[in-house]
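Bear in mind that the values here come from a model prediction, so they are computed numbers and not experimental data. Order of the sequence lines sets the chain letters (A, B, ...), proteins ahead of strands, with each chain counted from 1.
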Amino acid sequence: MASCGQSEVTGMATIHRHVELRYDPVALDKKWQERWERDGHHRVSDDDPRPKWYELVMYPYPSGDLHIGHWYHYAPADCHARFKRMQGYNVLHPMGFDAFGLPAENAAISRGIHPQTWTMSNIEYMRGQLRSIGAIYDWDREIVTCLPEYYRWNQWLFLKLYQQGLAYRAKAPVVWCPSCNTVLANEQAVNGNCERCDTPITRRDLEQWFLRITDYADRLLDFNNLTDWPQNILTMQHNWIGRSEGVEISFDISSHGLEVKEISTFTTRIDTIFGVTFLVLAPEHPLVPLLTTGEQSGQVEAYIAKARQTSDIDRLSTETEKTGVFLGAYAVNRLNGERLPIFIGDYVLITYGTGAVMGVPAHDSRDFVFAQKYRLPVRIVVAPISWDGSELAEAYLGDGFMTNSGPYEGMTNEEGKEAIADDIEKNAWGKRAVSYRLRDWLISRQRYWGTPIPMIFCDHCGIVPVPEEDLPVLLPPDAEFKPTGESPLAAHQGFLNTRCPKCAGPARRETDTMDTFFDSSWYMLRYVSPEHSDGPFDPGKALEWLPVDQYTGGAEHAVMHLFYARFFIKALNDMGLINFDEPFSRLFNQGVILAEDHARMSKSRGNVVDPDEIVGELGADAVRCFLMFIGPWDQGGPWSAVGINGVSRWLNRVWDILGRDPDDLQKHPTDPQAVRATMRQLHQTIRKCHNDLERFKFNTAIAALMELTNHLNKVWAEAAIDPATWRECVEKFLLLLAPIAPHITEELWEMSGHSGSIHRQDFPTWDDESAAEELITLVVQVNGKVRDRLEVPADIEEAAAQELALASAKVKSFTEGKSVSRTIYVPGRLINVVVE
RNA sequence: GCCGAAGUGGCGGAAUGGUAGACGCGCCGGUCUCAAAAACCGGUGGGGGCAACCCCAUGUCGGUUCGACUCCGACCUUCGGCACCA
């Protein structure tokens, strides 16, 4: 990739001029966008008698510039929404801004602009860019999450969640980004690095606000109402929740004379309980300081200190050697009375299960390497098939018969699991339990540009929620943004100091703000009544519009936004605020638009495509068409500066075709066969467009429309059809093209003498009879290889087809001297002659 | 390492188990032009043949089938996701 960015841009502009435009698309964009706006063409009424269709796109972050990736997301989605509208739906296709978040604050720090100023001016600019798409957004419904009218309802919802016990404060080891100086959600730590700035993350113990999403783990695992979601998203959510069934089993430590008499561990392999030869606790486990003997304390403390410093990327890597330190203490396995040494090891996570594991080196690969390193015994208790009693080279993870297992000897390990679990429960040594990989959702952020968490700390009353009538808790405009690790709000005395709502004594406000995923977890509800001031949404309107019928956005939100939104809707449903259980009925993930060099677009690579420039030259319709034409929407694909000329030329031809006077055709005799063929192709095209647009297969829909224009050009050149047929064809064609290219079709609709907008017309319908072929090309195969092609009536009978096939000279040359064993006939398709 | 998706002309891509390469880009030839661009018309997977035609070809190797880009198995490559979850 050449790095001379400047000359490349001019080079690209030259390429565009390879098409000489016969009409002025830029003028049309302006004319119609203004007129649609003036006429309130895109305003959506709540009292429309037609069935509703809520088509939602993931709203953008107002970074200040709409790039071609936004176009790739929004233009096809708009086409689909327009298509549904022409099908007779009252379509809500709203747009807004995900306006809180770090970049605004970083701009404030690096350039001295207030986040509010930066964000709002970006929004202002992006509104104009979004308008250039020509989409049917109803701007009266726009939402901007950083405005108090929106975020007060974040606070309101937070209070509701708190009342339900779904929001709580806890000290927890949290993911910390030392560069952003804030806590991150688990989901925002990517490969041990901060999602935003790529800095290796560390852990910190902090008092934080959490949402109890784990309470909903099982319900979030129920995908029965999500049959129209892509399977890969469901799989990701399934794995993210990571439900495992097992047993919590405790080991006796009463001999240590502590208040705590046992250590609890979680295992999915209780069948291996007789193979336990040691225990490992997470370094952060609360029993560690109590159990450590004086002799070992030096080593243990050093190990803990080191584990704290180790970045997550090292600690979580499967490559890292498993290390640990003996505490000097022992526990007893109650099933066989054995004494087991207790270790700490950083491969045990405090956040999963009970923070302690039973070490079964024979049947767990991690325990195996740990045992080897510290020379701990390895005892096989589930015998591999045809095991000869020799030692293992690696852990055996498969099934087998129980051995060295006391009363359970000889059972299959699956039977053993149940029998042992039963006995453990009978003796109250533990119980069957379910563990989840999923953690509660940490929503506290030590940053300024977010929704203040509406909580107050009072020395007398403890944690007191801000009363509803005191909302919103406004973000003070005059805060210092320097990231110190504490929220900037903590340094703002005016914000910090308040009165306790209960006792009216002096109190302090919570100074953390909310994760912006909180905002987007319910924004689809706000669009139905963006002005509503008695609650986050008008319940009647929510009832009317939701759930979202079609949601589109990137797959990168699989375990974050999409997951959180599902949780919110379930929680709100439980509170009786809404009456549905899933926010998005259908989900479609569009792919990623790549640069011409097939790499991801990035400023550093210098391969970014600027949509404004191309729209300013070729018009919005050409860009819309080309983005949809590149390939299947869910696959994404490379942009091509030359390729867009193809659709531009095509739109030129469309302009040309519609500009012809159909009466010119009267000067020539009409060919009835050509008329039938034309009508047939029209109906086939309508059918194909309908089916393809329904399923987001824009590329093949456009290809079919191109074929129709090619056909029309041909019959025009031959003057083979009559003016009435021509008129019907071009009119229906225009309607088919309308959702794809709204500006040119609106202009041509007006020019051909129609009053009213083309976009208020019905999408054309087809009938299969008119679309049916009269003649087909019957493929004749011999042993599966094509040997001849015959023009025959479409409804030809098998016997007749067989006779024709066998009579073919070409077929004869391949069957000569051989015997025909049978023929296979596929009606309307082919006949295959099988010889020998 | 595990899970998932995808590999088709020079390029983007099309094909309910039934004509592989629709549509478009690019390229080649022609028309128009003083010339070029644009536009329009025609051609365009590889190999062989004067030709009619024939052979080969959808990542690789097998399999199922009258027939496989499509279904099954193994492998290779690319791209996503997860990655000590006991």
- Message: Taking 4.0 Å as the cut-off, does a side-chain nitrogen or oxygen of A:N832 come that near to OP1 or OP2 on B:rU65?
- Response: no

- Note on the structure: Per the O4'-C1'-N9-C4 / O4'-C1'-N1-C2 angle with a 90° window around 0, B:rG9 comes out syn

- Message: At less than 4.0 Å, is any side-chain N or O atom of A:R829 found next to OP1 or OP2 of B:rG17? Yes or no.
- Response: no

- Task: Figure out the NE2/C1' separation between A:H598 and B:rA6, and round it to whole Å.
- Result: 14 Å

- A:M706 CE to B:rG13 P: how many Å, rounded? 15 Å

- Do A:L376 and A:F343 have side-chain heavy atoms sitting under 4.5 Å apart? yes

- Interface residues of residues 353-360 of chain A with RNA chain B (non-hydrogen, below 4.0 angstrom): A:V357

- Query: Roughly how many Å is it from CG in A:N783 to C1' in B:rC66, rounded to a whole number?
  - Reply: 7 Å

- For the pair A:F278 and A:F370, evaluate ring-ring contact (aromatic ring centres under 6.0 Å, His included) and give the outcome as yes or no after the intermediate values. CA-CA 10 Å; A:F278 57 95; A:F370 192 83; 5.4 Å; yes

- To the nearest Å, how far apart are A:Q781 CD and B:rU65 P? 17 Å

- Centroid-centroid distance, A:W633 to A:F588, less than 6.0 Å: yes

- Message: OP1 or OP2 of B:rA86 versus the side-chain N and O atoms of A:S244: is any pair under 4.0 Å?
- Response: yes

- Query: Is there a Watson-Crick or G-U wobble partner for B:rC23 with both distances under 3.5 Å, and which nucleotide is it?
  - Reply: B:rG12

- Message: Quick check against the 3.5 Å criterion: does A:T354 have a side-chain atom that pairs as donor or acceptor with the backbone of A:S264?
- Response: yes

- Item | B:rG26 OP1/OP2 closer than 4.0 Å to side-chain N/O of A:R649 | yes

- Query: Any side-chain N or O of A:K785 less than 4.0 Å from the OP1 or OP2 oxygen of B:rC56?
  - Reply: yes

- Checking N1-N3 plus N6-O4 or O6-N4 for Watson-Crick, or N1-O2 and O6-N3 for wobble, each under 3.5 Å, the partner of B:rU33 is none

- Here the gap from A:L335 atom CG to A:I273 atom CD1, rounded to the nearest 0.5 Å, amounts to 5.5 Å

- Note on the structure: Interatomic distance, CG@A:D364 vs OG1@A:T268, rounded to 0.5 Å, equals 8.5 Å

- Task: Would you check if A:Q237 and A:L220 make a side-chain contact, meaning some heavy-atom pair closer than 4.5 Å?
- Result: no

- Query: Taking CZ from A:R695 and P from B:rA14, how many angstroms apart are they, rounded to a whole number?
  - Reply: 12 Å

- Message: Measure OH/A:Y396 against P/B:rA86 and give the value in whole Å, please.
- Response: 19 Å

- Message: Can you confirm whether or not the ring centre of A:W441 sits under 6.0 Å from the ring centre of A:Y564?
- Response: yes

- Ignoring backbone atoms, establish whether A:H363 has a side-chain N or O less than 4.0 Å from OP1 or OP2 of B:rA86. no

- Message: Need the pair for B:rA51. Rule: Watson-Crick or G-U wobble, both distances under 3.5 Å, any strand; none if unpaired.
- Response: none

- Task: Would you kindly check whether a donor in the side chain of A:E556 faces an acceptor in the base of B:rG81, or vice versa, at under 3.5 angstrom?
- Result: no

- Item | Distance below 4.0 Å between A:N699 side-chain N/O and B:rA14 OP1 or OP2 | yes

- For B:rG4, the Watson-Crick or wobble counterpart (both distances under 3.5 Å): B:rC79

- Message: If you compare every side-chain N and O of A:K810 against the phosphate oxygens of B:rC53 (OP1, OP2), does one of them come in below 4.0 Å?
- Response: yes

- Query: Contact class for A:F814 vs. all strands (heavy atom < 4.0 Å): base, sugar-phosphate, or nothing?
  - Reply: sugar-phosphate

- Message: Tell me the interatomic distance from A:I831, atom CD1, to B:rG67, atom P, rounded to whole angstroms.
- Response: 16 Å

- Note on the structure: When rounded to the nearest 0.5 Å, the distance separating OG1 of A:T272 from CE of A:M358 is 4.0 Å

- Message: Applying a 4.0 Å non-hydrogen cut-off, can you work out what A:S640 is touching in the nucleic acid: base, sugar-phosphate, or nothing?
- Response: nothing

- Item | Sugar-phosphate, base or nothing in reach of A:R243, heavy atoms under 4.0 Å | nothing

- Item | Phosphate contact (B:rC66 OP1 or OP2) by A:R822 side-chain N/O below 4.0 Å | yes

- Separation of A:D788 atom CG from B:rA52 atom P, in whole Å? 15 Å

